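We number each residue from 1, following the sequence as shown. Everything numeric in this text was worked out from a predicted model, so none of it was measured.
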Amino acid sequence: MNAAHHHAPKLSRNQGQVLSALRKAKEPLSAYAILDRVRTAGISHPPTVYRALNELIQLGMVHRLRSRSAFVACDHGACNGKAAFAICRQCEKVVEISLSDKDERVLLALSPKDIAAEQITLEIAGLCEACRPAKAT
């Protein structure tokens, strides 16, 4: 864990509202879905939500799911950003998978030599246990 995350950073009101909406959600939320949930707190402009999301991502408290154009709160409160995600394609349950430094090196090594990898986004799609049909015995 990064030393900067041993204590909760002081969040702005907007960051707190956006993070709270994500933590209460049962599924990943788009920025506009977040906006709908924080309107009652006085946040009514998309740039305000995007700015809060970007800041929360930098703090390691929110992750962006690129395949869904959506966001989820970090399962660990805050992390170093080294994570993969398993996503149920039916109910959209998201499970965060922490990656070690070794995992990251292995994944970066998969990049072709003519591309200088800067970021890894690993998302695994499938069906969770609750959504998989029961196997006939």
Side-chain angles (χ1 to χ4, degrees):
M1 179 179 271
N2 197 333
H5 298 301
H6 283 285
H7 65 282
K10 179 127 173 75
L11 300 179
S12 71
R13 185 184 72 80
N14 292 344
Q15 291 169 338
Q17 291 295 325
V18 168
L19 184 59
S20 177
L22 284 169
R23 285 185 174 157
K24 290 176 185 173
K26 302 284 189 233
E27 69 276 337
L29 297 176
S30 70
Y32 283 93
I34 295 168
L35 179 62
D36 288 342
R37 293 177 186 218
V38 298
R39 282 188 196 279
T40 57
I43 300 172
S44 58
H45 301 289
T48 304
V49 171
Y50 281 110
R51 192 169 20 262
L53 284 167
N54 286 333
E55 293 161 349
L56 290 165
I57 289 168
Q58 291 300 312
L59 291 170
M61 300 177 84
V62 167
H63 300 291
R64 180 171 180 226
L65 301 176
R66 295 185 185 280
S67 67
R68 303 284 191 272
S69 295
F71 302 87
V72 293
C74 179
D75 281 349
H76 308 103
C79 69
N80 61 7
K82 295 179 182 178
F85 301 91
I87 306 167
C88 179
R89 60 182 169 76
Q90 187 167 321
C91 71
E92 295 198 6
K93 174 183 178 178
V94 177
V95 177
E96 184 174 336
I97 305 161
S98 294
L99 299 176
S100 68
D101 290 340
K102 181 180 177 185
D103 295 332
E104 184 182 42
R105 284 192 302 274
V106 168
L107 290 169
L108 285 170
L110 296 173
S111 178
K113 300 300 180 222
D114 59 337
I115 301 290
E118 297 173 345
Q119 174 185 335
I120 297 170
T121 303
L122 180 59
E123 297 178 24
I124 302 164
L127 291 174
C128 70
E129 189 172 12
C131 293
R132 280 191 304 262
K135 292 183 179 179
T137 54

### Query
So which heavy atom on Arg13 is nearest to which on Ile43, and how close?
NH2-CG1, 4.3 Å
### Message
Donor-acceptor check, side chain of Gln90 to backbone of Leu127, threshold 3.5 angstrom: yes or no?
### Response
no
#### Entry: Contact summary for Gln15 and Lys10, nearest pair of heavy atoms
OE1-O, 4.3 Å
#### Entry: Cluster link Leu22 to Tyr50, ILVMFWY, side chain under 4.5 Å
yes
### Message
Working to the nearest 0.5 angstrom, can you tell me the gap between Ile120 CD1 and Leu107 CG?
### Response
4.5 Å
### Query
Which pair of non-hydrogen atoms, one from Cys88 and one from Cys128, has the smallest distance, and what is that distance?
SG-N, 3.3 Å
### Query
Are Leu99 and Val95 linked, directly or through other ILVMFWY residues, by side chains that come within less than 4.5 angstrom of each other?
no
### Message
Is the shortest side-chain heavy-atom distance between Thr48 and Val18 below 4.5 Å?
### Response
no
### Query
Roughly how far, to the nearest 0.5 Å, is CG of Leu108 from CG of Asp103?
11.0 Å
### Query
What's the spacing between Leu56 CG and Phe71 CZ if we round to 0.5 Å?
10.5 Å
### Task
Identify the heavy atoms of Arg23 and Ala73 that sit nearest to each other, and give their distance.
CG-CB, 3.7 Å
### Task
Find out if a path of hydrophobic residues (ILVMFWY) with successive side-chain heavy-atom gaps under 4.5 Å connects Val62 to Tyr32.
yes
### Task
To the nearest 0.5 angstrom, please state how far the CE atom of Met61 sits from the CG atom of Leu11.
5.0 Å
## Note on the structure
CD1 (Ile34) and CG (Leu53) are apart, to the nearest 0.5 Å, by 4.5 Å
## Note on the structure
Sorted by chain and number, sequence neighbours left out, side-chain contact (heavy atoms from CB on, under 4.5 Å) with Arg66 holds for Arg64, Gln119, Thr121, Glu123
### Query
Looking only at heavy atoms, which two atoms of Pro28 and Glu92 are closest? And how far apart?
CD-O, 3.3 Å
### Task
Check whether any side-chain heavy atom of Ser67 sits under 4.5 Å from a side-chain heavy atom of Ile87, and report yes or no.
yes
### Query
Are any of the side-chain heavy atoms of Leu65 and Val94 separated by less than 4.5 Å?
yes
### Message
Can you give me the closest heavy-atom contact between Leu35 and Val49, atom names plus distance?
### Response
CD1-CG2, 3.8 Å
## Note on the structure
Taken to the nearest 0.5 Å, the spacing of Ser30 OG from Arg68 CZ works out to 13.0 Å
### Summary
Sorted by chain and residue number, the salt bridge (Lys or Arg N to Asp or Glu O under 4.0 Å) partners of Asp114 (sequence neighbours excluded) come out as none
### Task
Sort and list the pairs that fulfil ring-ring contact (aromatic ring centres under 6.0 Å, His included) and have at least one residue in residues 80-131, not counting sequence neighbours.
His63-Phe85
#### Entry: Residues Asp101 and Lys82 bridged, charged N to O under 4.0 Å
yes
